[in-house]
There are 2 protein chains.
Amino acid sequence: MSNIAASIITIGDELLIGQTIDTNSAWIAMRLNEQGIDLLRRVAVGDERNAIVNALNEELTGASLVIITGGLGPTADDITKPLLRDYFGGTMRPDERVLAHVQSIFAKRNRPVLERNLKQAEVPDSCTVLFNRLGTAPGMWFEKDEKVIIALPGVPFEMAGIMTEEVLPRLKERFKSDAIVHYSVITAGEGESFIAEKIQDLEEALPAHIKLAYLPGAGAVKLRLTGKGSDEAKLNEEIQVHQLAIATRLEDIVISLHDVPMEQILYNWFTAHGQTLGLAESCTGGYIAHHITQIAGASSYFKGSMVCYSEESKQHILGVNKATIDENGVVSEATVTEMARGLLKTLDVDYALAITGLLGPATPADREATGTVWMAVAGKGKVSSKKFLFHYDRHRNKEVAVSMAMLMIYKFVTQGEYPWKP
Amino acid sequence: MSNIAASIITIGDELLIGQTIDTNSAWIAMRLNEQGIDLLRRVAVGDERNAIVNALNEELTGASLVIITGGLGPTADDITKPLLRDYFGGTMRPDERVLAHVQSIFAKRNRPVLERNLKQAEVPDSCTVLFNRLGTAPGMWFEKDEKVIIALPGVPFEMAGIMTEEVLPRLKERFKSDAIVHYSVITAGEGESFIAEKIQDLEEALPAHIKLAYLPGAGAVKLRLTGKGSDEAKLNEEIQVHQLAIATRLEDIVISLHDVPMEQILYNWFTAHGQTLGLAESCTGGYIAHHITQIAGASSYFKGSMVCYSEESKQHILGVNKATIDENGVVSEATVTEMARGLLKTLDVDYALAITGLLGPATPADREATGTVWMAVAGKGKVSSKKFLFHYDRHRNKEVAVSMAMLMIYKFVTQGEYPWKP
C-alpha cells in the first residue's frame, strides 16, 4: 500500500529575510516520517495573501496532506486565519474552550485580556479546532476533496504540542497505512563511514521492507531501522533480529538500543546504580549541566556544576594549585585532572567530570591551540583524561564537546559492561 | 524601481525526513535581503529528477533569480549536474582550474583521486563556473530568458564561500535595485499584544513603504521596521524617526535599538563599565551561563556560575544558612537572596544573580508550586529579588527563566538610565 504524500508550508516574512531559521519543518518532517507519511516538498512564503493562496493551490495538487505553520499570532502582521476562512468557507465563530483557555492564561498572569487576544479564540466553523494547551492560538483541521489541511501556530513549542497531542493521533486514524516500526541502535565515538564499512554485509542482507538510515549528530551516529508491513507483530520480531545483529557487530561503540538522548542514558545508569555526579566546567560554560538537567528528576543523582571561568575560581573552588596552572597552562592534562579530583571533594560526589579548553575564535596568540579541549573523569580512586581537538567554530565546538563529555562519563562508569545487552 | 524577485530551491532527501535543518536558506535570504533582492519563496525537494525539474519550472515563472543548493556532492551529482546540463543545454567539459584544484586538495590529504572526484571538475559549458575555494564541487551560473539560475553545493561553509566570493559581487553588477533597510526595537518583559496596543497609532501612521513586524521570542519581543526606497540616505533618516518614536513610547521595556541577543547586550554593558558578573544557578542548571559564554571574550567580565543542584552545595559553596532553607524552603526569597549575597564572596564579583525554582513537571506534592521561580541580583550593596510564575513545560520554563534572568541583571545594573537612548 503506497504512502500518504504530504507538503509543509511555512509562513512568515522573517523566513524570507533570513531572520529566523526554520526548525519547525524538520521537526514535522521527522514526525511524519515516523508515521510512514512521505514528505514531498517544503515551501516557505511571506505574510502575503496571494503567495499563501498560490502555495496552498500548488501543494494541494501533489499532496493529500498539507501542514501550514505560522501566521496565527495576535498581531496585525498575521493574515492567515481570515484567508483560511475564505479558502475553506464558513464563518468566524469564537470557540468556547479556546476562549476560556485564553482568559485563564491572562488571568493567571494578571493581565487584562485585550480584544485582539479574544479574537484568537475565533475560528472558521468549517474547521475542527486543534486545542493549543501551551498558547492562545488554536490549530485548525480542514478537509477538502478528500484532502487534509492543517494550520498550526509558528511558535515551535506550541506547534510541537499541538502536533503531538492533537494532530498525530488524528493522522494515524485518518490515514490508515501499513504498520511502520522504528528500531534504533545509538552509537557514539565513530563516524558514519566507519560504521557503514563495519556492517556492510548486515545492511545488504536487509529485506526490502526494512530500511536502514544513518542519522549523524554531534559526536554520535544514530542508526534507525524502519520496517513496513501489514503484520505488526511479525514485523517487530523480524526487525529486532536485525537490530541485535547490528548492535552486536558494533558492540563497543553502541550506547543504547533505545532512541533516547545521552542525558537520559546517564540518568538511567546513575539512578539505577545509586551513584552521584558532579561537573567542573570551564570552556563549556554550563552547557553540559544544562543538558543533564533537561531530564526531570536529575537532582536525584546530579549535584551540580562548578562553572569556573577564571583561574582564581579554579583555584579557590576546585583547589587547583596555582603552580599547576602556571607550569602547564589552564588547558592541560595536569590542570583538568586536578579540577576533576578537586570537584569530587567540593561537591562530595561519586564521579566528577572536568573540562577545560579553547573553543575559539582563534586569536593570533592561540591560533595553534584553538579547538584544544582536555577532559578528565574521576571516581572510585580512578582518573581518566583525554585530549580532543575540534575544528569547527565556537558554537559547534561547544556542542561536540558536550556530547564527548557525556560519552566519556558513560564509558568511564560502565567500562566493561554493555548495559544495552538483553 | 521594483526589486528583483528571487527563489531558493534546496535539494536533498535529508531535508524531507527532518534529518537536516536547513540553515543555508536563511543565510542566503539574509545576504539577498541586504542587497535589496526580495526573496519570494523557499522550496525544499528530494534528490529526485522530476521533483527538481518541476521546482525549477515553478520558481522560474515567478522569480528572475533562482538559487539552488545541494545535490552537487561526489555521490549525489550524478542527478543534479546532468539535469542542469539537459535543462540549460550544452555538453559536459572538465574545467581546468577546478580539476587542478581537486587534484591539489587530494594531494594535500595524501589521498588517491577517485574517478568520481575528477568528475566533480566537469561542468556544462553552458554555465559560468563559480570557483569553490573551500571544496571540490564548483558552483554554476546559468542564464535563460533574462533570468539567472545559480547552483551551489549544500555544504554550508562551501556554499557561503562561493556566495561571498563569486555570487554576490556578480549579483550587485547584474541587478540594480531599490535599497532595503531594517531597524529594530528590542523589547523584553511584555507580550506581543500589549506592545501592539501601546503603539497602535504609531503603527497606523507608518507610510506604505515602511513595514512593522513583531518577532516574539522567549520573554522578549523584537520589533522590526523594514523600509524600501530609491534614496537610501533619505530612507534611513525617515525610518529612524519612526524607530525612535516607537522606542520612546515603549521606554522602559526597550533594551536595545540594535538586533543583538541579550547576552551581547550584557557583554557590551559589563565590558564598557569594567564590571564583573557571576551566577548562582539552581533550576536553570547552567543554562544562563551557557548563554553568556556564547559570546567570545565573555571571560573578560563573566567569572562563572555555581550550579548548585543540591541543598548541601547551596550551603557550603554559597554559604546559605541551613536554617534559612529549613524555615523558608529552597524556593524562597530568603534563600535566593542569601545565594546571591553568598556568590558575591564565592566568586569575588561586582554583581551576582541567583535563581532557584521548580520548573516542573508537577508532582502531586508540588503541583501548586510548579513554575515558581525566585531570582535575586546583588551588587554595590544593593539586592533586588523577584518572584516569577511560569506556565509552560520544563524546557520552555527554563528558556523563559533564562531570558528573564538576563533581563533582571540588565535592569539592575542600568537602573534609571536607558542606554539605548541617543
Side-chain angles (χ1 to χ4, degrees), chain A residues 13-23 26-30 33 39-45 51 58 73-77 105 108 111 114 116-117 134 155 157 215 281 285-287 289-290 292-294 296 299 302-310 312-313 317 346-348 361 394-395, chain B residues 15-23 25-30 33 39-45 51 58 191-194 196-197 203 213-216 224 281 285-287 289-290 292-294 296 299 302-310 312-313 317 346-348 361 391-396:
Chain A
D13 289 337
E14 65 277 13
L15 295 165
L16 298 184
I17 66 166
Q19 193 132 15
T20 308
I21 290 171
D22 171 24
T23 55
W27 190 91
I28 294 171
M30 204 177 287
N33 179 258
L39 186 61
L40 294 179
R41 284 157 54 95
R42 291 165 29 176
V43 182
V45 296
E58 270 175 22
T75 47
D77 55 336
I105 285 179
K108 271 205 208 101
R111 290 234 188 289
L114 306 170
R116 68 174 72 230
N117 300 120
L134 302 170
V155 182
F157 75 95
L215 310 176
E281 295 183 74
Y287 203 31
H290 161 63
I292 283 172
T293 57
Q294 286 295 81
S299 57
F302 179 66
K303 295 309 167 195
S305 177
M306 302 295 100
V307 181
C308 296
Y309 226 59
S310 68
E312 299 67 34
S313 54
I317 292 154
T346 307
L347 282 183
D348 183 26
R394 179 184 183 85
H395 295 173
Chain B
L15 296 165
L16 299 184
I17 64 169
Q19 208 181 101
T20 309
I21 289 172
D22 171 23
T23 55
S25 295
W27 191 90
I28 295 171
M30 207 177 289
N33 181 259
L39 187 60
L40 293 179
R41 284 157 54 95
R42 292 165 27 178
V43 181
V45 296
E58 270 175 20
E192 194 177 351
S193 42
F194 172 91
E197 208 66 19
E203 183 171 2
Y214 293 75
L215 308 174
R224 192 189 61 233
E281 296 183 73
Y287 202 33
H290 161 62
I292 284 172
T293 57
Q294 286 295 81
S299 57
F302 179 66
K303 295 309 167 195
S305 177
M306 302 295 100
V307 181
C308 297
Y309 227 58
S310 69
E312 300 67 32
S313 53
I317 289 159
T346 307
L347 283 182
D348 183 26
H391 307 281
Y392 312 107
D393 65 6
R394 178 182 183 85
H395 295 173
R396 179 66 177 175

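The basis for the numbers below is simple: all heavy atoms, side chains too, and nothing from hydrogens, waters or symmetry mates. Residue numbering restarts at 1 for every chain, and letters A, B, ... go by the order of the sequence lines. All figures in this text were calculated on a predicted structure; none of them were measured in a lab.
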Subject >> side chain to side chain contact (heavy atoms under 4.5 Å, CB included) between A/L347 and B/I317, worked out >> reply: CA-CA 9 Å; A/L347 282 183; B/I317 289 159; 3.5 Å; yes

Subject >> B/E281 versus chain A, the contacting section by heavy-atom distance below 4.5 Å >> reply: neither

Original post:
Which bit of B/L15 is near chain A, if near means a heavy-atom gap under 4.5 Å: side chain, backbone, both or neither?
Top reply: both

At a heavy-atom distance under 4.5 Å, which candidate from [options] has the highest pair count against chain B?
{"options": "A/M30, A/M306, A/R42", "value": "A/R42"}
{"options": "A/I292, A/I17, A/V45, A/D13", "value": "A/I17"}
{"options": "A/D348, A/L39, A/I105", "value": "A/L39"}

Subject >> Minimum heavy-atom distance B/P361-A/A296, with the two atoms named >> reply: CD-CB, 3.3 Å

Please round to the nearest 0.5 Å and tell me the distance separating atom [atom1] of [X] and atom [atom2] of [Y].
{"X": "A/T23", "Y": "A/I28", "atom1": "OG1", "atom2": "CD1", "result": "9.5 Å"}
{"X": "B/H391", "Y": "B/R396", "atom1": "NE2", "atom2": "CZ", "result": "13.0 Å"}
{"X": "A/H290", "Y": "B/H395", "atom1": "NE2", "atom2": "NE2", "result": "7.5 Å"}

Subject >> Ion pair check, A/E312 and B/K303, cut-off under 4.0 Å >> reply: no

What part of [X] lies closer than 4.5 angstrom to a heavy atom of chain B: side chain, backbone, both or neither?
{"X": "A/F302", "value": "both"}
{"X": "A/R41", "value": "both"}
{"X": "A/L114", "value": "side chain"}

Original post:
What do the steps show when you test A/F157 against B/D393 for side chain to side chain contact (heavy atoms under 4.5 Å, CB included), and what is the final call?
Top reply: CA-CA 9 Å; A/F157 75 95; B/D393 65 6; 5.6 Å; no

**OP:** Against chain A, work out which of B/G191, B/A26, B/S313, B/S305 has the most heavy-atom pairs shorter than 4.5 Å and name it.
**Re:** B/S305

